[in-house]
S.K.: 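Take this structure first; my questions come after.
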There are 2 protein chains.
Amino acid sequence: MDLRRLRYFVAVAEARSVGKAAERLRMAQPPLSVQIRKLEAEVGAPLFRRGTRGMDLTDAGQALLARAGEALALAADGIEAARAVAAGSRGRLSVGYMFVLANAMLPRLIPELRRSIPGVDLDFAELSASTREARLLDRSVTVALCMPAIHHPEIQVAGIGAQPFMLAMPNRSPLARLSAVPMIRLQGRPLIALPPPERDPSSSAVAALLRRHQIVMPIASRVETVHSAMSLVLAGEGLAILPACAQLGAPRGVVFRPLRDATDSIDIAVCWRRDSQSPLIRTFLKCAEKAVARL
Amino acid sequence: MDLRRLRYFVAVAEARSVGKAAERLRMAQPPLSVQIRKLEAEVGAPLFRRGTRGMDLTDAGQALLARAGEALALAADGIEAARAVAAGSRGRLSVGYMFVLANAMLPRLIPELRRSIPGVDLDFAELSASTREARLLDRSVTVALCMPAIHHPEIQVAGIGAQPFMLAMPNRSPLARLSAVPMIRLQGRPLIALPPPERDPSSSAVAALLRRHQIVMPIASRVETVHSAMSLVLAGEGLAILPACAQLGAPRGVVFRPLRDATDSIDIAVCWRRDSQSPLIRTFLKCAEKAVARL
DNA sequence: CCAACCCATACGTTTTCGGTATGCCAATGG
DNA sequence: CCATTGGCATACCGAAAACGTATGGGTTGG
């Protein structure tokens, strides 16, 4: 069946007259009459009683009218919804974020997003360094807050800031009395490391930093997450070299100190699939920049 | 927008490929391709991502798909419902009945109807002698159980039985000791009458009965309903001449006795609008005949 | 580098739709 | 009683839309 027929049917039912309905539909009366009869032929039963003063729904017609109105509304709503999603005023945005950034950015980012795109459902997923690429590529997240940025031909990157590396240590460590720790003081101390560079690019930045200053730190443990790293630091297993923003999620008893003479930093980036046409990405980028500016 | 486009869209979305969908729709691939593009033009945004291995919904496409599926289902259900109503397997049947018949017929009729037309919603309305015609003519009831039948050019009648008149009296009345009351014994006794013939045709049958036997009964009261008549009989206000079936609704203390020598009866009929095309009427008639047969 | 696959475009044919003219029927009014 | 009016149905024609066939262009895989 054709939606046009249903629209005509509803118009005639409401106007209780072919002529009046034709006028409202801005068409001539005869073709409308024909369409109504075709619909009746399709149903196999009369939908109207033809009286001398217009048309009147039969029981079958009333049954159809109830559904036809809803079907028309749903179809119209469907294309309207599609337009709204395409325009970015409705829809869903899946945001991935790496754990280190959560405490620093989400409290500023989420309210900003809700204000900018109130009609959009947001959902958030924590990403690990090893799965973030896959999650973007299979579209299970639309956009990702990464540190550092992803490098991949299919993935577009926009840098929105950077974080200096800092040293995380237990507050009873003698180094904690310094306001900034010289690199040389790290020599020989045990390091709590994140996964190796092939699984976590931030490791290579740390490695490069140490190499440049000719510091050797034996690796006491390798852990998967920044969270675990800080736990081991608290436990006295060793020191960790982490982005500054990680200290917002640090447990009591773990303190962060700048590294004197080390200006190395790790970049914060928004990443998304190059072929993603979602208009929400631009808005997200704006919001993320705002959130990072107030860091 | 056109429902065909939506159907095509859903097919392509499900098949994730224009070619596969075209095959399932038994049409060639190119016209399907152009229909999809026309739909996209109408929405104003791409609904699919074209990959090298088929098509994949965009977010906008997913938003549309959710509604389009429902809209298609509703439209299909609508014409299906109209067919079912026309065939009598679904719908609504408004049954009017006159109060005298309620106790005698409804307990048998309603189960019979529910068994015969399980998909049909029934509703029941009590009719008075004065409004029953109007209720049929304005279609607020589809079919009416009447006693006696309605005579009107627009209304079709099917007799399904008859009820003899009986005399209703208080059980302490001396007449109650007779197994049948001779007409002559009614002479001069007060009568509880129903509304005059122009408002209640059963009155004229009673009047004819009395006239034929040359009995005069002064009218003690006129009441609107059989129910009221029996209440006044119980109160000792007078006697009433009522159809036999009324005794099923008689209060304790009111007894019915046959009238000896009077074979007069009043007919029970099913009535409906001549132009009503509801297939349920035939079924209703069958059920009513069954119910009356077991009276 | 060629073959296979899949979608897009072009063009001619067919179906369907809408407009105009007109017929039919019932109700209304002089 | 006939004429007029109001409303839907039918007939026919021109226009628009859809379908099918043929073909192009891109990417993947051997």
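Every chain is numbered from 1, with letters handed out A, B, ... down the list of sequences.
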S.K.: If you measure from OG on A:S203 to CD on A:E198, what distance do you get to the nearest 0.5 Å?
M.R.: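 If I round to the nearest 0.5 Å, the distance is 8.5 Å.
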S.K.: Answer yes when A:E224 and A:R199 have at least one side-chain N-carboxylate O distance shorter than 4.0 Å, and no when they do not.
M.R.: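 Yes.
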S.K.: Should the pair A:D275-B:R49 be classified as a salt bridge under the 4.0 Å nitrogen-to-oxygen rule?
M.R.: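 Not counted as a salt bridge, because no side-chain N and carboxylate O are separated by less than 4.0 Å.
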S.K.: Give me the residues of residues 16-24 of chain A where at least one heavy atom lies under 4.0 Å from an atom of DNA chain C, by number, or none.
M.R.: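 Hits under 4.0 Å, by residue number: none.
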S.K.: Using a 4.0 Å heavy-atom cut-off across all strands, classify A:G54 as base, sugar-phosphate, or nothing.
M.R.: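 A:G54: backbone/sugar contact only, no base atoms under 4.0 Å.
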S.K.: Contact boundaries of DNA chain C with chain A (under 4.0 Å, heavy atoms), 5' to 3'?
M.R.: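 Counting from the 5' end, contacts occupy C:dC17 to C:dA27.
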S.K.: What is the distance, to the nearest angstrom, from the CZ atom on A:F48 to the P atom on D:dC8?
M.R.: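 In whole Å, D:dC8 P lies 10 Å from A:F48 CZ.
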S.K.: Ignoring hydrogens and angles, state whether a donor on the side chain of A:S130 or A:S128 is under 3.5 Å from an acceptor on the partner side chain.
M.R.: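 Looking only at side-chain atoms, A:S128 and A:S130 do form a donor-acceptor pair, the distance falling under 3.5 Å.
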S.K.: How does each nucleotide of nucleotides 17-30 of chain D score, in 5' to 3' order, for protein heavy atoms under 4.0 Å: base (B), sugar-phosphate only (S), or none (-)?
M.R.: -SBBBB----SS--
S.K.: Charged N to carboxylate O below 4.0 Å: is that the case for B:E112 and B:K290?
M.R.: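 Between B:K290 and B:E112 there is a salt bridge, with a charged N closer than 4.0 Å to a carboxylate O.
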S.K.: If a pair satisfies side-chain hydrogen bond (donor to acceptor under 3.5 Å, both in side chains) and one of its residues is in residues 19-40 of chain A, list it, with sequence neighbours excluded.
M.R.: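 Counting only pairs at least two positions apart or across chains, the side-chain hydrogen bond (donor to acceptor under 3.5 Å, both in side chains) contacts touching residues 19-40 of chain A are A:R5-A:Q35, A:E40-A:R50.
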S.K.: With sequence neighbours left out, which residue pairs that include part of residues 86-96 of chain A fulfil the side-chain hydrogen bond (donor to acceptor under 3.5 Å, both in side chains) condition?
M.R.: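 For residues 86-96 of chain A: A:R92-A:D123, A:S94-A:D123.
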S.K.: Shortest non-hydrogen contact from B:V10 to B:G69?
M.R.: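 Taking B:V10 first and B:G69 second, the nearest heavy atoms are CG2-N, 4.3 Å.
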S.K.: Partners of A:F99 by ring pair (Phe, Tyr, Trp, His ring centres under 6.0 Å), sequence neighbours excluded?
M.R.: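 Per chain and number, A:F99 pairs via ring pair (Phe, Tyr, Trp, His ring centres under 6.0 Å) with A:H227.
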S.K.: State, to 0.1 Å, how close A:L64 and B:I79 come at their nearest heavy-atom pair, and which atoms those are.
M.R.: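 The pair with the smallest heavy-atom distance is CD1-N, 3.7 Å.
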